[in-house]
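For reference, the structure is listed below as structure tokens.
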Amino acid sequence: MSTTGSQRPAQVSAARRRTVIDALRRGAVPDSGLDLLATGLDRFEAALDAELDAVASGGSVFKAVRGEYGSGKTFFTRWLGERAKRRNFAVAEIQVSENETPLHRLETVYRRLTERLTTSSFPPSALRPVVDAWFYALEEDALAAGAAEDELPSEVDKLLVARLAEVSRHAPSFATALRGYRAALADGDEATAAAVLAWLGGQPHVAASARRTAGVRGDLDHFGALGFLQGLLTVLRDSGHTGLFVVLDEVETLQRVRSDARDKALNALRQLIDEVHSGRFPGLYLVITGTPAFYDGQQGVQRLAPLAQRLATDFTTEPRFDNPRAVQIRLPGFNQESLVGLGTTIRDLYADAAEAPERVRKVVDDAYVADLALAVGGALGGKVGVAPRLFLKKLVGDVLDRVDQFDDFDPRQHYRLTVVGSELTDVERNLAATVSEGSASADDIDLEL
């Protein structure tokens with residue numbers, strides 16, 4: 001991901017700046033304020049904005065993002081999620097994992113979606129505010145149609161049935177649960193209302209008494225999850241949201257699960273893509289992220305021919321000629337120049353609110369940022385593409401913080417880059433081990449079997 005040719009907003013609030021700097025200090029991708037760092041993404045903007053607008057108009061989009069470790073996939077999807085949120089989308093980011101969120105169990109994916117659901121007004125989980133806003137909108141529509149106060153409950157129920165008619169063909173219990181939730185609220189039974197809403201969000205082990213009161217049975221299953229997703233999209237649209245932006249992050253972890261679970265997960269992904277393209281989920285923008293090995297290797301997408309056909313994209317040309325409208329887009333990752341550009345952007349952002357801004361800019365000048373970037377890349381075997389996370393963590397926490405707090409601190413004299421295993425990801429740790437030992441041995445190579 002190139003980091004040249006960007007412009008930060010002229011005015012940045014203290015809260016946004018603090019959110020970004022604090023996250024980088026921890027070695028994490030910020031949850032918000034990514035436009036302050038999003039440099040070099042302008043070549044994607046026009047195509048992605050057009051897709052978001054199409055989804056807001058009732059369409060649906062599936063997108064696959066590919067990139068090596070450290071190329072900025074999580075950053076990219078969060079940046080795109082922020083653009084979606086500015087268009088009044090609801091957003092959910094889901095980490096795919098074998099134990100917590102196995103992709104072949106769509107009921108678990110749906111549950112994580114509702115747990116991570118966020119809007120521009122509400123943090124996760126925003127499911128209850130969204131549902132409450134939907135019922136409020138139904139009441140307003142009923143009143144606008146001339147319903148009297150005493151007729152309001154029955155008129156709202158009629159609207160509920162009408163709005164969820166298509167959903168009820170596939171998942172009739174979705175509408176039933178919503179009625180049960182509203183009835184519990186009307187009776188002042190908060191415990192039952194909360195339990196029914198949890199069931200509606202895909203949570204297992206909801207009290208049987210609450211399910212009986214709402215008129216629903218059992219737990220959500222793999223096939224019912226798609227119907228519930230369809231229902232959630234309807235509720236979001238009618239409550240004033242233009243769509244739902246969902247990220248399935250780190251899908252490449254499928255390569256490390258048992259072969260039977262992997263095949264089921266790949267088929268579930270194929271099913272999701274087909275449902276999105278069929279128009280079943282109007283208002284859905286679905287994104288997955290993965291490494292090139294996942295898309296091109298025999299333990300990933302290529303294992304299922306129909307899925308490989310759906311994701312096939314030509315990457316034989318130079319990256320600058322990649323088609324951002326294609327179903328799959330690639331992030332080329334960082335080089336030394338772009339890493340330095342990102343570092344200077346962070347330094348300037350930091351200095352704007354520093355206690356000694358001029359000193360920060362003078363001591364941590366462009367030349368020092370370049371030296372630090374080169375040192376971090378060297379500590380990781382020269383693999384600059386996976387260096388950004390660690391580089392920014394060191395720049396903010398080890399250098400900028402100290403320069404700002406200690407008048408006599410000079411990183412050229414008083415700081416020596418140290419990299420310990422406990423602060424590294426698995427990929428970074430393998431690269432660091434290669435450097436310390438001079439060369440990689442067979443034991444240092446992760447084999448995906």
Side-chain angles (χ1 to χ4, degrees), residues 1 34-35 38 40-67 73-94 109-110 113 116-121 126 130 133-134 137 163-164 166-167 170 226-249 251 269-290 295 307 309-315 321-331:
M1 190 167 55
L34 297 178
D35 57 310
L41 298 181
D42 52 311
R43 67 191 183 96
F44 295 110
E45 287 182 358
L48 297 178
D49 286 348
E51 290 177 348
L52 287 171
D53 291 340
V55 172
S57 299
S60 54
V61 167
F62 171 83
K63 207 77 170 179
V65 178
R66 69 187 275 147
K73 297 188 295 297
T74 299
F75 178 95
F76 178 85
T77 55
R78 289 185 182 175
W79 167 79
L80 183 54
E82 283 195 348
R83 299 181 76 84
K85 200 174 288 186
R86 286 199 291 270
R87 287 169 166 76
N88 203 25
F89 277 65
V91 174
E93 178 185 319
I94 305 165
V109 175
Y110 173 80
L113 189 159
R116 298 293 301 160
L117 188 68
T118 182
T119 68
S120 57
S121 302
V130 165
W134 185 64
R163 302 282 173 86
L164 296 176
E166 179 62 24
V167 175
H170 304 282
L226 294 179
F228 273 42
L229 175 58
Q230 191 177 4
L232 178 60
L233 288 166
T234 300
V235 169
L236 284 166
R237 181 193 64 216
D238 290 349
S239 61
H241 295 281
T242 51
L244 173 62
F245 179 85
V246 177
V247 178
L248 299 178
D249 202 10
V251 178
L269 181 57
R270 191 271 314 159
Q271 181 184 6
L272 268 176
I273 295 173
D274 287 350
E275 295 283 13
V276 169
H277 290 161
S278 73
R280 181 179 177 182
F281 301 124
L284 177 64
Y285 195 121
L286 177 63
V287 179
I288 67 169
T289 72
Y295 293 110
L307 179 60
Q309 294 165 6
R310 286 157 176 76
L311 296 180
T313 304
D314 178 19
F315 290 118
F321 296 125
D322 283 357
N323 178 14
R325 299 174 182 172
V327 66
Q328 188 182 155
I329 58 177
R330 65 175 165 181
L331 303 180

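Please read all numbers here as calculations on a predicted model, not as lab measurements.
Not a single side chain to side chain donor-acceptor pair (under 3.5 Å) links Glu82 to another residue, sequence neighbours left out. When the ring pair (Phe, Tyr, Trp, His ring centres under 6.0 Å) test is applied to Trp79, the partners found at least two apart in sequence or on another chain are Phe76. Under the rule for a salt bridge (Lys or Arg N to Asp or Glu O under 4.0 Å), the partners of Arg270 that lie at least two apart in sequence or sit in another chain are Asp274. With sequence neighbours excluded, the residues that form a ring pair (Phe, Tyr, Trp, His ring centres under 6.0 Å) with Phe245 are Tyr285.
For the salt bridge (charged side-chain N to carboxylate O under 4.0 Å, His left out) condition, the pairs that include at least one residue of residues 228-245, sequence neighbours left out, are Arg163-Asp238. Judged as a salt bridge (charged side-chain N to carboxylate O under 4.0 Å, His left out), the pairs with a partner in residues 57-67 (not counting sequence neighbours) are, in order, Glu51-Lys63, Arg66-Asp296.
The NE2 atom of His170 sits 12.5 Å away from the CG atom of Leu164 when rounded to the nearest 0.5 Å. The distance from the NE2 atom of His241 to the CG atom of Leu233 is 12.0 Å, given to the nearest 0.5 Å. In this structure, Lys85 NZ and Arg78 CZ are separated by 10.5 Å, a value rounded to the nearest 0.5 Å. Atoms CD and OG, from Gln271 and Ser278 in turn, are 10.0 Å apart once rounded to the nearest 0.5 Å. Here the straight-line distance linking atom OG1 of Thr313 with atom CD1 of Ile329 works out to 10.0 Å at 0.5 Å rounding. To the nearest 0.5 Å, atoms CG (Leu236) and OG1 (Thr242) are separated by 9.5 Å.
Remark: Arg43 CZ is packed, more than 12 non-hydrogen atoms of other residues, nucleotides or ligands lying under 6.0 Å away.
Across Gly58 and Pro282, no two heavy atoms sit closer than the pair O-CB, 3.2 Å. The shortest heavy-atom contact between Leu248 and Val251 is O-CG2, 3.3 Å. Residues Val327 and Arg310 come closest through the heavy atom pair CG1-O, 3.6 Å. Across every non-hydrogen atom of Ala56 and Phe89, the tightest pair is N-CZ, 4.0 Å. Residues Val55 and Gly283 approach most closely at CG1-C, 3.3 Å, considering heavy atoms. Taking all atoms of both residues into account, the shortest heavy-atom contact from Ala90 to Thr119 is CB-CG2, 4.1 Å.
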Next item on the list: Could you please spell out the steps behind the side chain to side chain contact (heavy atoms under 4.5 Å, CB included) verdict for Glu275 and Gln230?
Entry: CA-CA 10 Å; Glu275 295 283 13; Gln230 191 177 4; over 6 Å; no
Check: Could you go step by step and tell me if Leu244 and Leu117 meet the side chain to side chain contact (heavy atoms under 4.5 Å, CB included) rule?
Finding: CA-CA 9 Å; Leu244 173 62; Leu117 188 68; 3.7 Å; yes
Next item on the list: I would like to know whether Phe62 and Ile288 meet side chain to side chain contact (heavy atoms under 4.5 Å, CB included); could you show each step before the answer?
Entry: CA-CA 8 Å; Phe62 171 83; Ile288 67 169; 3.8 Å; yes
Checklist line | Stepwise side-chain hydrogen bond (donor to acceptor under 3.5 Å, both in side chains) test for Thr77 and Asp249 | finding: CA-CA 9 Å; Thr77 55; Asp249 202 10; 5.2 Å; no
Notebook entry, point to check: Where do Arg87 and Asp53 land on the salt bridge (charged side-chain N to carboxylate O under 4.0 Å, His left out) test, with the steps shown first?
Noted result: CA-CA 8 Å; Arg87 287 169 166 76; Asp53 291 340; 3.0 Å; yes
Check: How far apart are the C-alpha atoms of Val246 and Leu284, what are their side-chain angles, what is the distance that settles it, and do they pass the side chain to side chain contact (heavy atoms under 4.5 Å, CB included) test?
Finding: CA-CA 8 Å; Val246 177; Leu284 177 64; 3.9 Å; yes
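Counting heavy atoms from C-beta outward, Arg330 and Asp322 have side chains that approach closer than 4.5 Å. Counting heavy atoms from C-beta outward, Phe75 and Leu41 have side chains that approach closer than 4.5 Å. In this structure the side chain of Leu286 never reaches within 4.5 angstrom of the side chain of Val247, judged on heavy atoms. Side-chain contact between Leu226 and Phe281: present, with at least one pair of heavy atoms (C-beta onward) separated by less than 4.5 Å.
Between the side chain of Asn88 and the backbone N or O of Gly240 there is at least one donor-acceptor pair closer than 3.5 Å. Between the side chain of Thr289 and the backbone N or O of Val65, no donor-acceptor pair lies under 3.5 Å. Without hydrogens or angle criteria, Gln328 side chain to Leu311 main chain gives a donor-acceptor distance under 3.5 Å.
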